[in-house]
Q: 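Encoded as structure tokens, here's the structure I'll be asking about.
Naming convention: chains lettered A, B, ... in sequence-line order (proteins, then strands); numbering from 1 in each chain.
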2 protein chains.
Amino acid sequence: MTDLLETAKPMRADARRNRELILAAARELLGSEKADAQIDEVAARAGVGVGTVYRHFPDKEALLGELVRERFIRFNARLQEAIEDESAAPFDALAGALRRNAAESASDAATRRALMSGSERVFAHAEAEKEEFLRLAEVLVGRAHRAGELREDFVASDVPMVMCGVCSTMGKRDAGWEWERHLELVLRGMRPSG
Amino acid sequence: MTDLLETAKPMRADARRNRELILAAARELLGSEKADAQIDEVAARAGVGVGTVYRHFPDKEALLGELVRERFIRFNARLQEAIEDESAAPFDALAGALRRNAAESASDAATRRALMSGSERVFAHAEAEKEEFLRLAEVLVGRAHRAGELREDFVASDVPMVMCGVCSTMGKRDAGWEWERHLELVLRGMRPSG
DNA sequence: ACCTGAACACCGTTCAAGT
DNA sequence: ACCTGAACACCGTTCAAGT
């Protein structure tokens, strides 16, 4: 587990620690039950004053945006690994990365909610990482196409689209919604129609 | 377009009219741009006082819940039509209903947001309609299974699951997300793997 | 340089007065 | 019976004072 954040100017040690505590508190609180936790609660759980939360994140959406950004950094790492894995067939490399990314999303309800909020303001924080995601997806999709292993009309931007679809159905096991099956069904649909 | 609401006790004409005005205002405001419109704005657009909104809907989630409930009533009508259509092959009947329901959802951003909110409180308002949806889906899924036209592991509760997935990706054409293609891909994935 | 938390502003909700 | 909108409560955000 390496550092996710490369900040331009190094923060004072206590500030850096507070920042991490705030993000951890947000992930825990927003993840379990309390989808609508207040900033005051996040601050309390992190053991800092509200003002400190606002010093690190200009508003609530910036805080959620950082969760999304860090998630994309991890998504991209999985895609990069798939690109570097020479042993797998192109489609399997792509499918494997999607399975791993889905599994990670499944265990991070807070970020999923932030992703699903659909707020442009939240996503704006992760713009660069989103673009990088598309670049990486392009490589994997291109390879699968050249190998004839992917539906012809499937494009790189369909990768985040179908992943968004699968993530939107996570956390509803009590309704019989099994995202693993959902994902497999989508992967099956991605194969060539021949 | 018949009446969607069968209220037990008929309302006074002005109250009934206000109720419809409020729902229409909510659909318009919450649909376009303003996902976070206040109740005051909804009331203003409907031409009533805030108190009137709260007289008809105990809280904001009840208002959103009613949008969801009405949407499910329409969903169910499409499924019922598919059940009664003897001319189509079982899978095509199911697929046709899903295409029509998706198209209707696509043009109702307000309800989609309410559906996606994932709030249990919002969904509680449409419990009966959700159960009816599952009963109808069961019929169509059962027929398609018996005709050998559906993936063996596909179950009735997968219908709302995949529809939720497709709906979660609507309204993002600027990112290249085409829900029609998403739906076709999912429908393709639903076919038997043989 | 960063932290704190009381104070402020905004929006969901209530309720006393009106028709 | 139903409607109105000022008043209240809650939570996101600010900022003066502290370390």
Side-chain angles (χ1 to χ4, degrees), chain A residues 5 7-30 33-67 110 113-114 117 119-122 124-125, chain B residues 5 7-30 33-67 110 113-114 117 119-122 124-125:
Chain A
L5 304 171
T7 42
K9 285 137 212 234
M11 283 186 235
R12 224 168 66 178
D14 59 339
R16 177 157 180 75
R17 176 170 162 72
N18 280 338
R19 189 189 150 91
E20 296 304 329
L21 285 172
I22 291 163
L23 285 169
R27 249 186 292 261
E28 288 171 42
L29 273 175
L30 301 177
E33 295 126 87
K34 295 293 89 199
D36 55 345
Q38 308 105 276
I39 297 288
D40 288 63
E41 288 185 63
V42 172
R45 175 176 270 255
V48 301
V50 233
T52 303
V53 174
Y54 281 94
R55 156 165 277 269
H56 286 281
F57 306 98
D59 55 31
K60 198 176 190 181
E61 284 170 333
L63 175 56
L64 299 178
E66 180 60 15
L67 293 182
R113 275 198 258 263
S117 77
S119 161
E120 302 298 331
R121 309 252 323 275
V122 170
H125 281 265
Chain B
L5 305 170
T7 42
K9 285 138 211 229
M11 282 186 237
R12 224 168 66 178
D14 59 339
R16 176 157 181 76
R17 176 169 163 71
N18 279 338
R19 189 189 151 92
E20 295 304 328
L21 286 171
I22 291 163
L23 285 167
R27 250 187 291 261
E28 288 172 41
L29 273 176
L30 301 177
E33 295 126 89
K34 295 293 87 200
D36 55 344
Q38 308 106 277
I39 296 288
D40 288 64
E41 287 184 64
V42 172
R45 176 177 270 255
V48 301
V50 233
T52 304
V53 174
Y54 282 94
R55 157 165 277 266
H56 287 281
F57 307 98
D59 55 31
K60 199 176 189 178
E61 284 170 333
L63 175 56
L64 298 179
E66 179 59 17
L67 293 182
R113 276 198 258 263
S117 76
S119 161
E120 303 298 331
R121 308 252 325 274
V122 169
H125 281 265

Q: For a quick test of reading the model: is some side-chain N or O of A:R12 closer than 4.0 Å to OP1 or OP2 of C:dC2?
A: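 Result: no.
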Q: Grab the CZ-C1' distance between A:R55 and D:dG12 for me, whole Å please.
A: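 Whole-Å distance recorded here is 19 Å.
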Q: Which base sits across from D:dA1 as a Watson-Crick or G-U pair, both distances under 3.5 Å?
A: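 By the stated definition (distances under 3.5 Å), C:dT19 pairs with D:dA1.
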Q: Considering non-hydrogen atoms only, spot the tightest contact between B:L21 and B:A46 and give its length.
A: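 Closest approach of B:L21 to B:A46, heavy atoms only: O-CB, 3.6 Å.
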Q: Which heavy atom in A:D59 sits nearest to a heavy atom in A:Y54, and how many Å separate them?
A: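 Heavy atoms only, the tightest pair is CA-CE2, 4.0 Å.
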Q: Counting side-chain heavy atoms from C-beta on, which of D:dG12, C:dT13, D:dC3 comes nearest to B:D59?
A: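 Within the option list, the nearest is C:dT13.
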Q: Under 4.0 Å between a side-chain N or O of A:N18 and OP1 or OP2 of C:dC3?
A: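 For A:N18, the contact criterion (side-chain N or O under 4.0 Å from OP1 or OP2 of C:dC3) is met.
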Q: In whole angstrom, what separates A:E41's CD from D:dC11's P?
A: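 Taking atom P of D:dC11 as the reference, CD of A:E41 is at 8 Å.
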Q: Give the nucleotide from the list D:dA6, D:dG12, D:dT4 with an atom nearest to the side chain of A:I39.
A: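 The closest nucleotide is D:dG12.
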Q: Which distance, rounded to the nearest 0.5 Å, do you find between the CG of B:D36 and the CG of B:L29?
A: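 Between B:D36 CG and B:L29 CG, I get 10.5 Å after rounding to 0.5 Å.
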Q: What nucleotide, of C:dT4, D:dC3, D:dT14, holds the atom closest to the side chain of A:T52?
A: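 Out of C:dT4, D:dC3, D:dT14, the nucleotide with an atom closest to A:T52's side chain is C:dT4.
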Q: Could you check how far CG of A:L21 sits from P of C:dC3, rounded to whole Å?
A: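 Distance, rounded to whole Å: 11 Å.
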Q: To the nearest angstrom, how far is A:R19 atom CZ from C:dA1 atom P?
A: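 Between P of C:dA1 and CZ of A:R19: 18 Å.
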Q: Ignoring backbone atoms, establish whether B:H56 has a side-chain N or O less than 4.0 Å from OP1 or OP2 of D:dC2.
A: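 For D:dC2, neither OP1 nor OP2 has a side-chain N or O of B:H56 closer than 4.0 Å.
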Q: Can you tell me how far C1' of C:dT14 sits from CZ of B:F57, to the nearest Å?
A: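 Computing the B:F57:CZ to C:dT14:C1' distance gives 18 Å.
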Q: If you assign B:D40 and A:Q38 each to the DNA chain D nucleotide with the nearest heavy atom, which residue ends up on the more 5' nucleotide?
A: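 On the 5' side of the pair lies B:D40.
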Q: Under a 3.5 Å limit for both distances, which nucleotide forms a Watson-Crick or G-U wobble pair with D:dG12, could you say?
A: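 Check on D:dG12: paired to C:dC8, both distances under 3.5 Å.
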Q: Just by modelled atom types, is the B:L30 backbone N or O under 3.5 Å from a matching donor or acceptor in the B:R113 side chain?
A: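 Looks like yes, one N/O pair under 3.5 Å.
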Q: Exactly one of A:R55, A:H56, A:R27 should register a side-chain contact (heavy atoms from CB on, under 4.5 Å) with A:I22. Which one does?
A: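 Going through A:R55, A:H56, A:R27 one by one, the side-chain contact (heavy atoms from CB on, under 4.5 Å) with A:I22 is satisfied by A:H56 alone.
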Q: Go through D:dT14, C:dC3, C:dT14 for me and flag the one nearest to the A:Y54 side chain.
A: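 When the side chain of A:Y54 is considered, D:dT14 is the closest of D:dT14, C:dC3, C:dT14.
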